[in-house]
2 protein chains.
Amino acid sequence: MSSNTSGGPTRRERMRAETIGEIKASARGQLLEHGPSGISLRAIAREVGVSPAALYRYFDGLDSLLEALCCDFYDELIAASLDAMNEFAPENHLDRMKAWIWTFRSWVVGHRREFELMLSAPEGEERNALSLCGEVADVPLEELDPVVRKSLEHSQLCGQELAAFYRQTEGEGFDFDTVEMPEMSDGLRRELLDNCGRAIIGAELPLTWVYAFTSGWVRVFGLVTMEAFGSLPVQGNIDEFYKTQIKSMMKDFGIEP
Amino acid sequence: MSSNTSGGPTRRERMRAETIGEIKASARGQLLEHGPSGISLRAIAREVGVSPAALYRYFDGLDSLLEALCCDFYDELIAASLDAMNEFAPENHLDRMKAWIWTFRSWVVGHRREFELMLSAPEGEERNALSLCGEVADVPLEELDPVVRKSLEHSQLCGQELAAFYRQTEGEGFDFDTVEMPEMSDGLRRELLDNCGRAIIGAELPLTWVYAFTSGWVRVFGLVTMEAFGSLPVQGNIDEFYKTQIKSMMKDFGIEP
DNA sequence: AATTAGAGTAAACACCGTTAGCTAAATTTT
DNA sequence: AAAATTTAGCTAACGGTGTTTACTCTAATT
């Protein structure tokens with residue numbers, strides 16, 4: 001009776017997938033209306049037309065559902081980033097990175113509540129994403145918190161572009177050693193090269209650029225988070241402010257626009 | 001009978017203040033143990049040895065209590081900042097600003113859960129601190145959300161120091177116009193001068209420095225938030241990384257160490 | 001001494017997440 | 001085709017939550 005003889009998903013599997021979709025959609029609706037703490041299993045059950053206990057056939061509990069939601073959000077963000085980046089030629093790495101930043105900003109601002117959940121999600125455990133870069137390179141990726149993994153995936157999208165841009169620039173005889181950077185100890189040097197270079201960028205590029213990338217990442221994170229929380233000290237010309245920030249960051253790479 | 005004939009607080013007022021203190025202390029304990037969403041009025045009542053309803057004599061409800069907690073945290077942060085800044089001479093503005101940054105970081109890292117609450121607190125309303133700088137200068141300070149006000153107060157602590165440092169540097173014939181800065185429109189110019197200059201720094205200083213201050217603020221916010229959330233891409237040499245970041249920011253002001 | 005304001009209570013209301021035990025239908029296996 | 005099994009759903013309950021109402025008693029004020 002199963003339609004699985006031809007390899008496709010079972011009838012039950014289809015039903016199950018659809019129910020999961022309904023549950024998530026309802027949860028997201030409540031997230032938008034009442035914020036992260038306003039998501040209620042019972043309310044979801046009411047909306048989906050099912051008893052509260054039935055939801056446990058689909059998720060291990062509220063936390064599990066929230067985590068799944070978070071993963072979906074990251075997937076959305078990653079897909080949107082890829083879409084925006086692919087509006088530029090594959091070798092146009094600079095514009096692709098700008099598109100990444102721009103998508104990060106616009107997606108978060110258009111999905112503030114989702115972003116709130118994403119920020120507060122991986123702390124269900126003792127402490128959260130401290131491994132985002134720390135020991136990430138030495139740990140099997142499968143053992144990472146799924147949300148942390150998605151977040152890393154999102155960062156890598158930009159990092160890989162930088163790596164490609166580096167290879168391109170390298171061929172043009174760019175002198176990376178003249179890029180300005182504060183002096184630092186061997187320990188910090190190695191950590192930057194290991195964590196950011198290996199884990200995020202996925203390539204061994206010069207310290208000056210790894211430092212510029214890390215600084216830039218902090219700045220973008222600050223910008224996006226502050227705007228999402230409404231504490232950005234610019235309100236009317238945010239677009240332009242971002243552009244000036246991007247210009248400043250490019251100068252940190254030794255690139256003049 | 002009241003001890004108020006000599007102007008001091010009434011006996012009842014003392015009792016009340018002490019009870020409020022006990023309530024807050026219990027709430028903070030739960031915050032540390034179970035996170036922001038683990039604060040429960042009933043649990044507090046249990047711990048203080050009182051019926052749940054009794055708490056409503058002291059706070060309008062859970063949200064009100066959380067807001068009060070937040071204000072206390074900001075007061076703590078501000079006091080700690082002042083203490084650290086005052087370890088330097090009043091005219092040593094540069095070191096006082098560094099002390100401000102350093103206190104921000106160390107206090108947040110030592111009080112991550114408190115910081116979580118502070119970040120998510122003012123969003124009880126529709127949307128939160130969007131007025132942090134936007135129209136803050138044109139709005140009576142009393143009408144602001146108290147948490148937003150405290151947060152502004154904290155920023156101003158650093159801003160005022162910069163203003164004083166500016167006056168000092170001005171006398172030494174420093175050429176502010178040579179400080180590098182991306183070009184920008186008049187609209188953004190005015191917004192930066194109004195919001196950051198007037199509201200936070202409290203003085204009219206050159207655009208180059210206002211831009212550098214705003215950029216620096218975003219960077220510091222990014223650093224502190226990422227470290228608090230465990231997603232800073234440096235784990236073993238964070239102190240030194242901060243120092244390099246501070247050096248980079250100083251260069252944005254045109255100051256060589 | 002009488003009155004008032006304050007702090008406290010118990011009981012109830014309407015929610016919440018989660019678990020246990022059961023029923024019925026859909027699928028697999030024999 | 002019949003039996004066995006997996007799956008989805010139910011009801012009912014447990015212990016927890018924030019909040020409101022109406023009532024009591026005690027401390028301060030008049």
Side-chain angles (χ1 to χ4, degrees), chain A residues 1-24 26-27 29-31 33-69 117 120-121 124, chain B residues 1-24 26-27 29-31 33-69 117 120-121 124:
Chain A
M1 240 320 163
S2 105
S3 71
N4 211 6
T5 58
S6 58
T10 310
R11 175 197 138 89
R12 262 229 282 248
E13 283 170 343
R14 271 186 292 119
M15 290 301 193
R16 184 177 176 81
E18 189 170 338
T19 308
I20 288 181
E22 281 181 46
I23 294 172
K24 283 177 175 175
S26 170
Q30 292 185 33
L31 172 65
E33 276 199 69
H34 313 109
S37 62
I39 303 180
S40 146
L41 280 188
R42 295 188 107 105
I44 295 171
R46 239 174 282 133
E47 204 164 291
V48 177
V50 97
S51 87
L55 296 180
Y56 283 77
R57 300 271 167 206
Y58 300 92
F59 296 95
D60 286 342
L62 181 59
D63 287 352
S64 174
L65 169 58
L66 296 185
E67 190 179 274
L69 267 188
L117 192 67
S120 66
Chain B
M1 236 328 159
S2 105
S3 70
N4 211 6
T5 56
S6 57
T10 310
R11 176 197 138 90
R12 263 227 282 248
E13 281 170 344
R14 270 186 293 119
M15 290 302 194
R16 185 177 175 82
E18 189 170 338
T19 308
I20 288 182
E22 280 181 48
I23 294 172
K24 284 178 174 175
S26 171
Q30 291 184 34
L31 172 65
E33 276 198 70
H34 313 109
S37 62
I39 303 180
S40 147
L41 279 188
R42 294 188 107 104
I44 294 171
R46 240 174 281 133
E47 204 164 289
V48 177
V50 98
S51 88
L55 297 180
Y56 283 77
R57 300 269 168 208
Y58 299 92
F59 297 95
D60 285 342
L62 181 58
D63 287 352
S64 174
L65 169 58
L66 296 184
E67 190 179 274
L69 267 188
L117 192 66
S120 65

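Here is the naming used below: chain letters follow the sequence lines, and residue numbers restart at 1 for every chain. Side chains are part of it too, since the values below use all heavy atoms of this structure and drop only hydrogens, waters and symmetry mates.
At least one side-chain nitrogen or oxygen of B/Ser40 sits closer than 4.0 Å to the OP1 or OP2 atom of D/dG18.
How far NZ of B/Lys24 is from CG of B/Leu31: 14.0 Å, rounded to the nearest 0.5 Å. Note: B/Leu55 CG to B/Leu62 CG = 10.0 Å, rounded to the nearest 0.5 Å.
Side-chain atoms of A/Thr10 never come within 3.5 Å of backbone atoms of A/Arg12 as a donor-acceptor pair (strictly under, hydrogens ignored).
For B/Arg46, counting side-chain heavy atoms from C-beta on, the closest listed nucleotide (D/dT17, C/dT18, D/dC10) is D/dT17.
Within 4.0 Å of A/Ser51, counting heavy atoms only, lies at least one base atom of the nucleic acid. B/Ile39 comes within contact range of the sugar-phosphate backbone alone, with a heavy-atom separation under 4.0 Å but no base atom that close.
The nearest whole Å value for the distance from the CG atom in A/Leu41 to the C1' atom in D/dG16 is 15 Å. Here C/dG17 presents its P atom at 18 Å from NE2 of B/His34, a figure rounded to the nearest Å. One can place CE of B/Met15 at 11 Å from C1' of D/dA27, the figure rounded to the nearest angstrom. If you take CZ of A/Arg11 and C1' of D/dA8, they are 12 Å apart, rounded to a whole angstrom. Between A/Ile20 atom CD1 and D/dA8 atom C1' the separation is 12 Å, expressed in whole Å. Per the geometry, CZ belonging to B/Arg16 stands 17 Å off P belonging to D/dA27, to the nearest Å. For the pair A/Leu65 CG and C/dT18 P, the interatomic distance rounds to 10 Å; values are reported in whole Å. Protein atom CZ of A/Arg42 is 11 Å distant from nucleotide atom C1' of D/dG16, rounded to whole Å.
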* Decide yes or no on side chain to side chain contact (heavy atoms under 4.5 Å, CB included) for A/Glu18 and A/Arg14, but give the supporting numbers first. => CA-CA 6 Å; A/Glu18 189 170 338; A/Arg14 271 186 292 119; over 6 Å; no
* To do: Check the pair A/Ile44, A/Ile39 against side chain to side chain contact (heavy atoms under 4.5 Å, CB included), reporting the backbone distance first and the verdict last.
  => CA-CA 8 Å; A/Ile44 295 171; A/Ile39 303 180; 4.1 Å; yes
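Nearest heavy atom pair, residue B/Ala68 against residue B/Phe59, reads CB-CE2, 3.8 Å.
Of the residues in residues 54-62 of chain A, those with a non-hydrogen atom less than 4.0 angstrom from any atom of DNA chain D are A/Ala54, A/Arg57, A/Tyr58.
In terms of the side-chain hydrogen bond (donor to acceptor under 3.5 Å, both in side chains) criterion, B/Thr19 has no residue partners (sequence neighbours excluded).
Place B/Ala43 and B/Arg12 on DNA chain D by their nearest nucleotides, and B/Ala43 ends up nearer the 5' end.
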